[in-house]
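Working notes for the structure below.
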There are 2 protein chains.
Amino acid sequence: MSAREQEQVASGAVLSKQRVVVEAVRLADREGVDGLSMRRLAGALGAGAMSLYHYVASKEELLDAMVDLVFEEIELAPEGTDWQSAMRRRAISARQVLARHPWAIGLMESRTSAGPANLRHHEAVTACLRKAGFPVLMATHANWLLDSYVYGFALHAASVPFDTTDEFADMAENVFLPQLPPDEFPYLNESAAALIAAGYDPAEEFIFGLDLVLAALEPLRVSA
Amino acid sequence: MSAREQEQVASGAVLSKQRVVVEAVRLADREGVDGLSMRRLAGALGAGAMSLYHYVASKEELLDAMVDLVFEEIELAPEGTDWQSAMRRRAISARQVLARHPWAIGLMESRTSAGPANLRHHEAVTACLRKAGFPVLMATHANWLLDSYVYGFALHAASVPFDTTDEFADMAENVFLPQLPPDEFPYLNESAAALIAAGYDPAEEFIFGLDLVLAALEPLRVSA
DNA sequence: GACGTACAGTGTACGACGTACGGTGTACTA
DNA sequence: TAGTACACCGTACGTCGTACACTGTACGTC
């Protein structure tokens, strides 16, 4: 919170950038990003639409701020543990946060400037990798790989209309399989059947790939 | 192309779903997805806005079709080579295609039903993995991991405002570094400096992680 | 020829959107 | 008491997606 915002709060202002952005995230969670309009957001805050423009220069800036607020929810890589545990924790936290705010993923593609929380996050991850003994360029490679996996998984998971084992089994039997003629898609049929039997849990699915990636990175650091 | 569309073309109809969707992709490539409106698209086709609704039930359906058209551009996993080469080729192709149509990535999050090209693609990948000796569930895990990496990389790359070594060096020196006080972000400064010196190429960066992932998956198949 | 039907394509209109602009009102300073 | 600053808002403009009712033309069938 900037000095200016503190002033506003102290002087009894009803609105603040903080409040605007927080409510915007809430609205997007509830109704999706398409349901977020300046008028509706203002309504939720008990204000007129144009009042928002005292705290946010444009809707684009609001979206930037929303994405950064989401980044703030992600746990920073903890210090004082081995690098794999630290990366594991922050990756799992990131996945959970993005699952809570799926609209944020689609927004990232169009947002080209990183917010402060994003930068802090990136710095913490890089620090962790460097301290673990990854050479500079190897650390950036590892960073790209891990981030790509985390965001990609979240994107993939958001584009799929189920979140739990039961939902998946239901959708698979009643929606997917009927669309998949067995002679044209034999392997997808086989996969779906196996997944229905075994159950699907996004958290487990995520960890499978995550641990594989972490293990693959291990030999690339030079021990201290 | 459906029987109905062939009829239309044969009978001299000026528009067709094909033509509408192709032009929509072109427009989105040129102006971004925000610049794509039904009126502008119709204009580009020399038609009135409402005419489009004879070929597309709604803008949502148009966006679905656009995403599927992009999937059609991705090379299918070739048969008759070892699984790693096959996966490598299709992943590299996917990355290139998504770099050409960055708007498609952001769209995927909100599209919950896969189009035919998407399904064909998925089937081909699964077939390749199964034939390479991955057990059913392992193949779906590998699928998730690979897809997450590919889409995640594309998403990450789209959210970054440079594409070539020169652009990166320019942006880093003139935009990023000035925003990164060295005492607050020592590691990001170090990384940026190293990357400026070493050069940045998205294709290489992508292949680094891809090969690591492929190698990590190798031991999980049971040899035939 | 005349007439009916089907359907590709369109003009107009409605409600919602982002936001420019020019107000209000209240709280504080001088 | 007058002046100033600024949080807040009402109105209006251009654009959006699209419902609805309409045009014109092509092609039967007599």
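When reading the values below, keep in mind they use all heavy atoms of this one structure, side chains included, and skip hydrogens, waters and symmetry mates. Per chain, numbering begins at 1; letters A, B, ... match sequence-line order.
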Mind calculating the distance between CZ (Arg39(B)) and P (dG11(C)) to the nearest angstrom? 12 Å

Would you kindly give the CG-to-C1' distance between Leu52(B) and dG9(C), to the nearest whole Å? 10 Å

Quick check: closest heavy atoms across Glu167(A) and Phe162(A), and the distance to 0.1 Å? OE1-CA, 3.3 Å

Can you figure out which of dG17(D), dA19(D), dG18(C) approaches the side chain of Met50(B) most closely? dA19(D)

Please pick, from dC9(D), dG18(C), dA8(C), the nucleotide with the shortest atom-to-atom distance to any side-chain atom of His54(A). dC9(D)

The nucleotide from dC9(D), dT18(D), dT19(C) with an atom nearest the side chain of Ser58(B) is dT18(D)

As its Watson-Crick or G-U partner within any shown strand, both distances under 3.5 Å, dC30(D) has dG1(C)

With the threshold set at 4.0 Å, does a side-chain nitrogen-carboxylate oxygen contact exist between Glu72(A) and Arg120(A)? yes

Between Met38(A) (CE) and dA20(C) (P), how many Å, whole number? 10 Å

Could you check whether Phe206(B) and Phe153(B) have their ring centres less than 6.0 Å apart? yes

Gly35(A) or Ala47(B): which one's nearest nucleotide on DNA chain C is closer to the 5' end? Ala47(B)

Is the phosphate of dC17(C) approached by Ser37(A) (side-chain N or O, under 4.0 Å from OP1 or OP2)? yes

Nearest-Å distance, NZ (Lys17(B)) to C1' (dC7(C))? 18 Å

For dC9(D) and Ser51(A) - does any side-chain N or O of the residue sit under 4.0 Å from the phosphate oxygens OP1/OP2? yes

When you measure from the side chain of Arg40(B), which nucleotide among dG9(C), dT19(C), dC16(D) comes out closest? dC16(D)

